[in-house]
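Residue indices begin at 1 and follow the sequence shown. One-based numbering, in listed order, for ligands and for the atoms of each.
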Amino acid sequence: MKICVIGTGYVGLVSGVCFSELGNEVVCVDKITSKVQLLNKGEIPIYEPGLKHLLAKNKERGNLRFTTDLPDAVRSSDIIIIAVGTPSQPSGQANLSYIEQAAKEIGQSLNGFKIIVTKSTVPVGTNEKIQAIIEANSRYVFEVASVPEFLREGTAVQDTLQPDRIIIGTTGEKAKKMLVELHSPLTDKIMVTDIRSAEMIKYASNAFLATKISFINEIANICEKVGADVTQVASGMGYDKRIGSSFLKAGIGYGGSCFPKDTQALIQIAGQMDYNFKLLKSVVEVNRDQRFNIIHKLEAVMNLSGKTIAVWGLAFKPETDDIRESPAIEIIQDLLNKNARVKVYDPIAAENFKQTFSLDVEYSNSAIECAQDADALCILTEWKEFQDISPKTIHSCLRYPVLIDGRNLYSEVEISETDLIYYSVGRPNMNKGQREQKPLLSF
Ligand code: NAD
């Protein structure tokens, strides 16, 4: 099939590359010329494991190309996939300006029957708006479909090639036939539904996953008070098939470009219909508070003013360079507000962080360099690279032996072999000889 993908971000680029891998003829469009130039050289503007190799392979085979010429890309394709961003507005509502612009440009470019697919996460009713915009700009017949995307950054290629399910929301007979055919090589779990339900499935899925995260974080906070271990609690819960073990990892809360904006958007969608989504509002509030537990734990052992705090991890999760809504942003900002000197390290996301925020932090070239002579180390992202550094090594680097592990990277055994003052999330105090009492540094 001939496919045009509009937007070469995490979703558009991965989808385009994977559809070309299946043997389709794909053209990816972006309005940022520098991105397209980079892609045409075989480089990728994002970090996503496995993507560069597939891109090079399919470019070489001649079934993948990149352009800024949207009209030409639309005209030469049968299926047009919209994968532009839908960021949050200050109110929490989704900003649909990129979607509306793309729809207008598609309408102006049609030269015959096409299937227009929305992969971007959009509020219920948006595909109807897209249809109206295209109709207002074109005299050609077309069908629309909502095919929401569920990939996770860091495993996006694998998620796209082996999805848990494909949701196709459409009333168009041709769209249904062609989209089922397009996705059939990927999975047999293809659900065809109406457009509004498809749009809602995406928000409901993300809201549910965010709820699981906030739920386990609240359980972790209670575990800390009652002396239980949240990792044990989560394992015990996860054996129950009705619950499942995924997304029950306590930490510093969710971030990224999806959960924060999609939960806010769903609260707004409900609110516009006079429905107060109380549960989801609490999920968001719990998540906002959870990151600051890192600071509270630090402040339990030291006055932050004038101290040097090392931070490992800026990306909102490992295996991505995406720092959008990363908890690290607010944690670092709070440390700086409290007059701490902050040194940071991230294996992949540091450059993005540096380009995006003008925060007064020192960037280190390695995890060890970052921890060297710091008064405390905070771990904010569970990169494998950090896990491979032993608590003993961390102890030998730090000026004061304070380790705040926001991702529960280390086991009780590893910690008990050191004299680290160690706080993790929702686990009993593991500090040597101090299991019952809170260690306090008088500095
Ligand atoms: P992104 O911001 O990384 O990329 C969007 C791209 O679209 C940018 O490169 C931008 O230049 C381009 N663009 C915008 N308007 C354009 C136009 N008119 N013509 C050509 N290019 C245009 O976004 P993303 O993270 O890939 O997300 C895209 C959508 O997918 C969002 O709605 C998001 O919520 C949803 N989604 C994202 C993920 C994820 O993990 N990132 C997962 C599932 C769903």
Side-chain angles (χ1 to χ4, degrees), residues 4-18 27-39 44-48 51 66-74 80-89 93-109 116-123 126-127 130 133-134 137 146-160 163-167 198-199 201-203 205-207 209-210 254-266 315-317 319-326 352 356:
C4 160
V5 182
I6 301 176
T8 61
Y10 292 84
V11 166
L13 184 57
V14 174
S15 302
V17 169
C18 290
V27 51
C28 295
V29 188
D30 208 289
K31 58 181 182 174
I32 301 175
T33 310
S34 58
K35 261 193 185 183
V36 171
Q37 283 171 342
L38 202 68
L39 289 161
I44 57 172
I46 53 171
Y47 176 82
E48 191 58 53
L51 187 59
F66 301 94
T67 183
T68 52
D69 188 344
L70 186 144
D72 177 65
V74 167
I80 321 297
I81 298 176
I82 303 173
V84 300
T86 48
S88 276
Q89 299 184 60
Q93 270 177 285
N95 172 356
L96 296 178
S97 60
Y98 300 106
I99 292 276
E100 287 162 3
Q101 180 61 27
K104 190 173 166 197
E105 290 176 54
I106 292 169
Q108 290 167 345
S109 309
I116 319 291
V117 175
T118 307
K119 254 194 187 299
S120 302
T121 303
V122 292
T126 305
N127 274 278
I130 292 171
I133 293 171
I134 299 175
N137 285 280
S146 165
V147 183
E149 181 55 63
F150 299 97
L151 63 76
R152 296 160 298 174
E153 289 174 17
T155 52
V157 171
Q158 190 192 324
D159 291 346
T160 305
D164 288 341
R165 79 309 209 176
I166 296 291
I167 304 294
E199 291 168 332
I201 285 168
K202 174 63 191 176
Y203 279 111
S205 300
N206 275 1
L209 294 171
Y254 59 78
S257 67
C258 292
F259 288 1
K261 89 171 167 61
D262 294 348
T263 46
Q264 289 290 2
L266 187 49
F316 81 96
K317 67 173 184 179
E319 296 301 324
T320 183
D321 60 347
D322 200 344
I323 42 128
R324 289 178 282 185
E325 300 293 328
S326 172
N352 258 355
T356 314

Do any nitrogen or oxygen atoms of [X] come within less than 3.5 Å of a nitrogen or oxygen of ligand 1?
X	answer
T121	yes
R324	yes
D262	no
G85	no
Q101	no
K119	no

Point-to-point distance, once rounded to the nearest 0.5 Å, from [atom1] of [X] to [atom2] of [Y]:
X	Y	atom1	atom2	value
D30	I32	CG	CD1	5.0 Å
L70	C4	CG	SG	6.0 Å
I6	E105	CD1	CD	7.5 Å
K202	T121	NZ	OG1	4.5 Å
E199	N127	CD	CG	4.5 Å

Do me a favour and list the nearest non-hydrogen protein atom to [atom] with residue, atom name and distance?
atom	value
atom 19 (N) of ligand 1	I6 CG2, 3.6 Å
atom 27 (O) of ligand 1	V11 CG2, 4.0 Å
atom 38 (C) of ligand 1	C258 SG, 3.2 Å
atom 20 (C) of ligand 1	K31 N, 3.4 Å
atom 22 (C) of ligand 1	V84 CG1, 3.7 Å
atom 7 (O) of ligand 1	G7 CA, 3.3 Å
atom 24 (P) of ligand 1	Y10 N, 4.0 Å
atom 3 (O) of ligand 1	G9 CA, 3.4 Å

Checking contacts here: is it the side chain or the backbone of [X] that comes within 4.0 Å of ligand 1, counting heavy atoms only? Could be both or neither.
X	answer
T86	both
A156	neither
S120	both

For [X], atoms of ligand 1 separated by under 4.0 Å from a heavy atom:
X	answer
K35	8 (C), 9 (O)
E153	39 (C), 40 (O), 41 (N)
E105	18 (N)
I32	11 (O)

Under a 3.5 Å threshold, yes or no: a donor from one side chain and an acceptor from the other, between T356 and N352?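 The answer is no; no qualifying pair exists.
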For the residue pair S97 / N95, report whether a side-chain donor-acceptor contact shorter than 3.5 Å exists.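 Short answer, yes.
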Find out whether V122 and I82 are in side-chain contact, i.e. whether some heavy atom of one side chain is under 4.5 Å from a heavy atom of the other. no
Please tell me if the side chains of T155 and E319 come closer than 4.5 Å, counting only heavy atoms from C-beta onward.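 SC-SC contact between T155 and E319 ruled out.
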Are E153 and R324 within salt-bridge range, i.e. N to O under 4.0 Å? yes
Any heavy atom of K261 closer to ligand 1 than 4.0 angstrom?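 Contact present.
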Option nearest atom 11 (O) of ligand 1 (shortest heavy-atom distance, choices I82, T67, D30): D30
Can you sort out the partners of Y98 under side-chain hydrogen bond (donor to acceptor under 3.5 Å, both in side chains), two or more places apart, ordered by chain and number?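 With neighbours one apart ignored, the set is empty.
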Do you know which two heavy atoms are closest between I166 and P163, and how far apart they sit?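 Residues I166 and P163, closest heavy atoms: CD1-CG, 3.8 Å.
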Output yes when a side-chain donor or acceptor of S120 lies under 3.5 Å from a complementary backbone atom of V84, and no otherwise. yes
Which residues share a side-chain contact (heavy atoms from CB on, under 4.5 Å) with A207, sequence neighbours left out: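 A207 satisfies side-chain contact (heavy atoms from CB on, under 4.5 Å) with L266, L280 once adjacent residues are dropped.
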